[in-house]
Each structure stands twice: as C-alpha cells, then as structure tokens.
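No hydrogens, no waters, no symmetry mates; every other heavy atom, side chains included, goes into these values.
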Amino acid sequence: MNLPALFLALVLLASPACAQNYTFGHLSVDEGLTNSSVTSICQDSRGFMWFGTFQGLNKYDGYRITPYVANPQNPRALSDNTITCLYEDRRGTLWVGTHLGGLNRYDRAQDAFVRYTPASKPPYRLSASRVECVFEDRRGNLWVGTDYGLNLLDRATNSFRAFYHQPQDPGSINSNQVRAIIENDRREVLVLTGADALNRYNFRTGRFEQVPLPGPPPGLATARTLVQDQQRRYWVGTLDYGLLRVQGSTVRRYQPQPAQAHSLSHQQVRAVLQTRRGRLWVGTDGGGLNVYRPATDDFEHVQVGEETTHGLSSNAVYCLYEDRAGTLWVGTFGGGVNFYSPYQARFAHYTHQPQTPNSLSHRLVLALHEDRRGSIWIGTDGGGLNLFDPRRKTFRHFRHNPADPHSLSADAVKTIYEDRQGTLWIGTYLGGLNRYDRARSRFVRYVSDPNQPNSLTTNLVWHVYEDRRGQLWVSTLGAGVCLLNRATGTFRRLKPFSGPGSLGDYNVVTMREDAAGRLWLGTENQGLNLYHPRSGTFSAVQHDPRNPHSLSSNRIQALLKDRRGRFWVGTADGGLNLMAPDGRTFRRFTIRDGLPSNVINGLVEDQAGYLWVSTSRGIARFDVDRRTFRNFDRQDGLQSNEFAINSVLAAHNGDLYFGGINGFNVVAPAALASNPAVPPVVLTGLHLFNEPVHPSPTGPLRQHISEVDTLRLSYKDAVLTLEFAALNFIDPHKNQYAYRLEGFDDAWRYAGPRREATYTNLDPGQYTFRVKAANNDGVWNEQGTALTVLVAPPWWQTLWFRVLAVALVGGGAVAFYRLRTNRLRHKLHLEKQQELRTKEAELREERLRHEKALVEISRTQLETDMLHKTSELATSVMSIVQQNEALLTIKNQLKEALDDPDPTQQRRKILRLVRQIEREVTPDQHWQHFEELFNQLHENFMQRLKETYPQLTSRDLKLCAYLRMNLNTKEIASLLGLSVRGIEDLRYRVRKKMGLSTSTNLTEFILQL
C-alpha cells in the first residue's frame, strides 16, 4: 500500500465513519503458541481449537496450548513444523498439511500422527511433499491438493489416487498446482489451480472439465482462495489482483482505491469467509480485515490501531475460521491468533492519549453527568472538566487557569450535578464549588472563607444533590454538609457531632432521596444518616454485628432509588444492600451471591431494569428478579477492574458510562447478547501423586485421557487428580464447573472456575466420575462427560483369597473339633466301663449280703437309679459327640459344593447344607437334657449352684459342671468352643463371682459342693 492510501485508511479508521467497534481477544507466544505466524485454524469434533503455524501445530482448550512439533527420531511425531492447512473430516479425523512433510493424520487415541509422503510405502504414499489444501465433499470423498497433483483418498484401501496434469489430455486437471477445493450448491467439486480456469470433476467419467470464468478475469493464476457464498456467488482472492466476485456471467473486481474510503484495503487477499449469519470477511496481507457491506457494495475496514489491547494485532491476515459458537478466528503473520465473538461483551473505552490533543484530558475519571441537552460532562482528577459529544466522539476541555478568575476553580473535579433549573454545579477538590454560566461560558466560584461563617465550610467538595424541596445540598470531605441559598449565595452549615440529632460523620460521600421523599446521607464511617426536615435533625442507621438483617457495613459509597422505588445501598466492604420500606431492615448481596467484589463504587439502573454495579474488581449486571449476576472485567474491554466512587451515568439513550482509573467505558446494555452455546466438556489431564500420566502400553492410561471411558487403577494409586475443561472460548476464565464421584460423593461439588478434582485413598471398587460445566454466561452442559474409575483391591482382599481362607479355617476347625470329640468319646467309654465294673462288684456284694435289712435293699435300689442316670448322662454327652460328627460331614459336603464349577448347583448344595445344619445342630436342647441328668446324679448340683450364686451365667454353670466331672482344661475348652487362655480367663471370672480368694483351687471347691 502506498503512503497516501495508508494515511487515508488510518484517518478513516479513527473517524466516526468506522461503524462498528470490533473487540478482539489474542493468543500469542506469550500464551504458548509455537510461533506468532498462523497459517491455518480448525475446530475438531471434540471442540478443541487447532492452530497451524510456521513452527508447529497447537491444540487449545481455552486455558492451555498443547504444542506438537516435528521430531526426526520419532516416526509418530509431526512430519514438518511448517503447517499449510488443517481439516477434520466427517469421521472426526484431523488432517494436517505441511510445507515439506506431506500429509499427517492425527491419531487421537495415541496423541500421535500417521504420515503420508511421496517416500512413504503404500498405502501411505502421496503425490507431493507440499500440501496446499484438504477438503471432503458431501459424498465423503477426501481430496488433498498439493503443489504437484491432486489426491483422492480411497476409503476402502486407505490409500490415495493421484491426478496429474497431462498436456495432451484435455480430461486431466489443468495444472498440478492445486490451491483450493470446494463443492458448490449443485454438488460439483471445483478445483482452483495455477491455471486460468477452474476444474470440475465428473464423478461419472472420473475426469475433469475446464470451467473458464467470464472475461477471463486477470490474476486467476495467482488466486489462493475460492468460496461460494449463501447467495451462490463465487469469491476469489488473489495475491496480485485483489478480490474477484463471480455472479452468473459477470465478474466484479475489488481493489484498493485511494480516493474511495471503503474500497478494498489491500490487493493481496489470502482468506475469504462467510459466517453463518451471512457476513463476508476478507483477510488481506497488509490491509487487515475487510467486512463486506452488500447495501453499498463496499467494505468496512478492521485494522491495527492505537488501541492494541483489544484491537486487531496485525494487518497481515493469513486465514479465517468460524467455530460452532459463532466466534471468528483470525490467523495473522506476526500477530498470533485473534478472535472475535458477537456474544463477547463490548465496552467502548475512552482514555487520555497524550499524542491526541482532543482526547480525554486525564485518564482518572471521577465524575460523570449528562445534562438536559444530551451532552456528557466528565470530571477528571487533574485534567479538569471535559465536555464529551457521544456522536462525534470529541472532547472539549475546561481547565483551571490561575490568571482567570472565571475559569474552573481546580482541575480535580469530584462531582457534577444539574439542578431542576438547568444550572450545572461542579464540585472540586481544593477548589470549592463552581456554577457554570452557559451563556458566557464561564464559572462562578463558591469557596470557603474563614472570615465568612456563611461561606462554604471547606473547599473539598464531595457531592452535590438537590432534594424535592429545591434545597441544594453540598457534602464535603471533613466538614459535613451545607445548604446553599442560591438567591444570596450563602451557605447554612450543618456541623457534625454538634449535639443530639446532629450529623453523625464529617465525611458525607453520597446523598439520595428514597421513594418516600426521605433524604439519606451515606457517610464514610458512620453508616446512613436520615434527615428529618421538620426538626432539622438526623438519625443514624448503622451496622449491627448481631443482626444479619441490619446494614452490612457503616462505610457507605453509593445510593440508588430504582424505577420500582426500591432503595439500594452500596458499601466499601459489605457488598450491596436492599433497604426494606421500614428503613431499618436490609437484604444483603455479597460475593457469595455472585458479586465480583464487596467493594461497591457505583450503582446505576438501565432501561430494562437491570442494576449495574461498579466495583473494585469489575462491573456486575444484577438481575434483581432472578437474583443473578453477570460479571464483566478487563477481558470484556473495561478500562480497568477498578472504578471510581460514584463515577456512573445512565444516559437518556440507554447507554451506561463508568469512570475509573484509566478513562471511562460506555456500553449499550440492549446490545449485549448472551452466549447461548452449550460448551463441550472434556477431560484434559490425569495426575497420580501429582505427577502427569501420559499414554503408554504398560501404564494405567493406554490412550489420551479425553478418549478414555474407563480408567483402571491400583489400590496403591492413592492420590488421583483429573483435569477438565469446558471448550467455550469466550471469556473462558468465567466458565463454571461442578463434579462428583459417584460411589464417593453424595452430591455435586461446585468448583467455580477451578478445573481439577483430586481424590485420595479411594477404597477398592467401581466409581463414576462426572463433570459438567457452564459457559461465560451461565449456560450449563448438564450432561457433561463421565469416566468409569476401577480401583483394584490388594491380593488379600480378592474373592478367591477370601474363599480359600474360609475353606482353610473351616477345615482346620472341623478337624480340630473331630479330634477333640474322639478323645472325649474315648474318655466317656472308659468311664462307662469303670461304672459297669463297679456295678458288677456292687451286685456281687449285694448277693453276699442279701440278708441285710430292707434299708440296705432300698439303698441298693437308689444306687441302681443313680447308675441309670449316669448312663443317661453319658448318652447325652454322646449326643454332643454325634453332633460333632455331623459337623464333620457338613464340612466335607461344603468342600464338595465349593469345588462345583456350576454356580447354580453350588448355590443349591449350600442351601441344602443350611437346612441340614438347622435340623441336626441343636445345642440348647442337648444341654437342657444334660442338666436334668446331672442334677439327678449329683443331688441337684446345678440347681443348688444357681440358687447360691445367681450371678453365674450359662457359660459359668457349664464350666462348673465340667469341673465336677473332673475334665481337664483342654477338654473343657473343646466343649465350650474357647481357647485354653479363654478357659483360664473364665475360671478367674467364676472364682471372682463366687467370692473365692486367689489361693483357692476352683476345681477342689466345686468337687466339695
């Protein structure tokens, strides 16, 4: 571009004729791009953004850029760092064209690449190493254009068929240099090459037909881009001849015209894109962006300007792309990636520009006011007063001149107010109060005079307000408030702390009447003061730490009565308060409710009834009915996140103004569109013990975490961290997240903008991790994404080990029980033989003494009865032994059931064993019979023992019976199912219950009872 044209373009860009203010976000090498020159852009089916550069490929999730670069030692790495094109087909395969490395197919699962080059073996061979474009038609055919031939992928063999120019064959492609491929509305595949005509592929014959353009137009051989728009017109971008529009039989050429302000900005066109909304964007190499205006058949220019924070970063535009959310992505030479969204909040920003004399006079804006004429007055901290024309965007300055008594009294303007008579009042810091005389364009000063008690109390004026009675109130810093008598020019001072009912603070920050006409004064440290006009006194409404419905803080900074008559109070550290009609009760809103900060600097209401709150951390739009906040910060174009106290304005045209430390912002609330796109949610990272885990054949992650649906972990993986992202690129720092681990969490965990979840020491088992997210405007993806997490148990907690352990323990117990039973049976047999021999001896003795008296006969009969009872007692013991034998049989049948491989038969056998146990094992019944026999044999021993020692338990009584039978400790332990140590402990407890000393032998004591 020549110098006159460049100068004209810059002037027009800075003039009001430039219609729309485009706000761009940026990605550069500072954010992780591998290079600042971006050649291609693509969004994949998962929602990730991909950027091809001169030095590698980049994947972006809204927070972090993952680079991919060539590595000669790794055949699965990218084949070349210079990326020429990016394309994802309908199958979700991402194709990467390079300058010298051929074509790369991205293997998403392994996070690696498969190469197609001229040197590759079939089926990975391509016609050339330089790939110019990749395109898939509606039939599913994948076309790859190179600088030496056109390639068509055979999906069946996964190999390419090449088409070359054959000079002697009119049915061949007309040039080997393929620049662009499209499919038009008639499903015709058109190929743009380095020749003067297009190529149309005939699917029936498999040959090409030449499609000459009308004219033919010049420069087609240097064309690099071909697009058909929604109106079926073709747009061709060239490197030497500007932009061509082909419609029917006519060709319209657009090129730079220095005398025409809205001609094409540069003749070198590298990119053309029509968005889904129908807007046509043209990217030029040197002239920035051009937006086509159909009504006037010309262009709006979007170029690099003085505002670099949110403007276009480079005028060399290499590529354009629109993602699924409607965001426009711009790849530039040297300027990285720029992106613009129609849903991005756009705040116009005005600040002091030292090189521009008619810009804002100072960057710190303390006061804003619109007069009845629609002019915007701006007070600055050191730059005096500014009169701003919103239509022309020009500033007129009013400054203090020490030599002119009719100039502004000071350059620090703290407040601006227009009364009902149309008089403009300006309060200054150190300069007192000023009244602006419009007719003579000069100022009348009201200053403090120590010798005049009716003068202003101090020259530090903080706020001016006129009540419904027409009284003009002037608040000051350090001296309370004054009432101005406009007829005499004198002031009535209302001194603080001067007695009962006096003003409660020296510093009054703001004043406002409520719907009932009550005048409220917001003080710096003493809460609200309510003025009572009849008595001329004040009463205070203050914060009560014990009352949650009191004022949240005594540091008042902003007051507002909205159109519904509600009264709002903004504080310096307690957030926002809604006053109840009683004037004493408040509803509080703080950062817990969604405010960006509890420091409220200004309150203003828009025409839709939304409440706008300026804070120390940006601006919030409050939906009062829904109790929701939408927050804005520097990423939305704010002058800063910090705003000045009461520097707010609602203009009559609906625009809102906010002043701060770096100028002021203007926003049209009605033009703010909410982002409706539901964001895709993906997993982006896995950490174990705070170390990242990458896919490997032997690790827990065999594929990239975003491609995995099941994660298998060991019980040793005690610290698990999952990272995730919502793929919304409009203010991604405002995305919100919630997650839960089903099987561990009872409810969702709302994490705000935090994008990771950590769990420690998970018990073995199966879990499901779920995460959902909302975009910057609170639109939630409730489905989100999910991952099954399987935590394997240690070997000693596995089912097979538990079954084996039960079998071993059960078998050992049965074997031990059988051994003890055999020993007991043998002992009882010996005792029975002894009893029989004793009986025989007694009978012989009885026969020898048959002459004894009847008393002796009765005694013999009694002994016979006792022997009978002893036999029955032995039989009872034998029943216990038989029961033990039954348990041994059950043990063998249990082992047989466990060995059965059929689960159904196994369950049936185990149920049969349960019924057999219930039928044969009746320990309580045998003990009752045993006890009856024992009492008969031993003169009611058990009954006497119970009566003498009622505190003895059933187990205690059994021990005493076995001791009376003179059994040893091991035998008793077997019968009671206890260890030897357990029997000794039981002996100790019985001795203690009987009150015996430690020296008394329990067995001897029992035998003597």
Side-chain angles (χ1 to χ4, degrees), residues 341 343-347 548 551-553 557-564 566-579 586-643 645-648 650 654 656-658 660 665 667-677 679 726 728 730-738 748 750-754 772-781:
S341 171
Y343 304 113
Q344 177 80 43
R346 293 187 295 274
F347 288 76
L551 191 63
S552 64
S553 170
Q557 296 199 149
L559 301 174
L560 175 71
K561 182 191 71 173
D562 67 20
R563 62 187 60 201
R564 298 187 192 178
R566 295 170 298 197
F567 200 72
W568 301 87
V569 182
T571 69
D573 54 10
L576 182 64
N577 295 257
L578 174 60
M579 180 188 287
F586 297 86
R587 166 73 164 88
R588 301 175 183 177
F589 300 92
T590 65
I591 55 176
R592 294 181 179 179
D593 302 292
L595 272 172
S597 170
N598 285 335
V599 181
I600 309 301
N601 291 326
L603 298 171
V604 67
E605 185 183 21
D606 67 17
Q607 293 178 345
Y610 291 109
L611 191 67
W612 292 75
V613 186
S614 63
T615 75
S616 63
R617 295 188 62 183
I619 294 174
R621 188 189 71 177
F622 183 33
D623 186 329
V624 180
D625 294 330
R626 296 183 179 180
R627 298 290 196 265
T628 58
F629 291 89
R630 180 183 178 185
N631 298 330
F632 306 93
D633 54 27
R634 288 198 64 189
Q635 299 297 322
D636 300 303
L638 299 188
Q639 49 83 34
S640 166
N641 282 336
E642 182 177 352
F643 289 84
I645 298 174
N646 283 318
S647 185
V648 294
L656 301 181
Y657 290 69
F658 301 90
N665 291 110
V667 63
L672 289 178
S674 295
N675 179 9
N728 164 60
I730 306 171
D731 295 332
H733 63 289
K734 297 181 182 178
N735 294 343
Q736 301 290 309
Y737 297 91
W748 287 95
Y750 286 85
R754 186 164 55 88
K772 60 183 181 179
N775 68 13
N776 58 304
D777 285 330
V779 177
W780 282 89
N781 180 342

Residue pair [X] / [Y]: nearest heavy atoms and the distance that separates them:
| X | Y | result |
| --- | --- | --- |
| V599 | A572 | CG2-O, 3.2 Å |
| V779 | P676 | CG1-O, 4.0 Å |
| G609 | V624 | O-CG2, 4.5 Å |
| A620 | P596 | CB-CD, 3.7 Å |
| A650 | V604 | CB-CG2, 3.4 Å |
| A608 | D606 | N-OD1, 3.0 Å |

Residues that K561 engages under side chain to side chain donor-acceptor pair (under 3.5 Å), provided they are two or more places apart: none
To the nearest 0.5 Å, tell me how far [X] [atom1] sits from [Y] [atom2].
| X | Y | atom1 | atom2 | answer |
| --- | --- | --- | --- | --- |
| D593 | R627 | CG | CZ | 9.5 Å |
| S614 | E642 | OG | CD | 10.5 Å |
| D633 | N641 | CG | CG | 5.5 Å |
| I619 | L638 | CD1 | CG | 5.0 Å |
| D731 | Q635 | CG | CD | 6.5 Å |
| W780 | Y737 | CH2 | OH | 9.5 Å |

Considering the options V613, I600, L611, which one meets the side chain to side chain contact (heavy atoms under 4.5 Å, CB included) requirement together with W568?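 Only one option passes, and that is L611.
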Is the shortest heavy-atom distance from the side chain of [X] to the side chain of [Y] under 4.5 Å?
| X | Y | result |
| --- | --- | --- |
| R617 | I591 | no |
| F658 | V667 | yes |
| L576 | L603 | yes |
| D636 | Q344 | yes |
| K734 | N728 | no |

Looking only at atom types and distance, does a side-chain atom of [X] sit under 3.5 Å from a main-chain N or O of [Y], one as donor and one as acceptor?
| X | Y | result |
| --- | --- | --- |
| N631 | G594 | yes |
| N775 | N675 | yes |
| N577 | L551 | no |
| R588 | P548 | yes |
| N598 | T590 | no |
| N646 | Q557 | yes |
| Y750 | Q736 | no |

Checking N665 against Q639 for the side-chain hydrogen bond (donor to acceptor under 3.5 Å, both in side chains) test, could you report, in this order, the C-alpha distance in whole Å, the side-chain angles of both residues, the deciding distance, and whether it holds? CA-CA 6 Å; N665 291 110; Q639 49 83 34; 4.6 Å; no
Does atom [atom1] of [X] have more than 12 heavy-atom neighbours, drawn from other residues, nucleotides or ligands, at distances under 6.0 Å?
| X | atom1 | result |
| --- | --- | --- |
| R566 | CZ | yes |
| R630 | CZ | yes |
| R563 | CZ | yes |

With ring-ring contact (aromatic ring centres under 6.0 Å, His included) as the test, pick out the partner of F622 among W612, F629, Y610. F629
For A673, which residues count as a side-chain contact (heavy atoms from CB on, under 4.5 Å) partner, sequence neighbours excluded? Y343
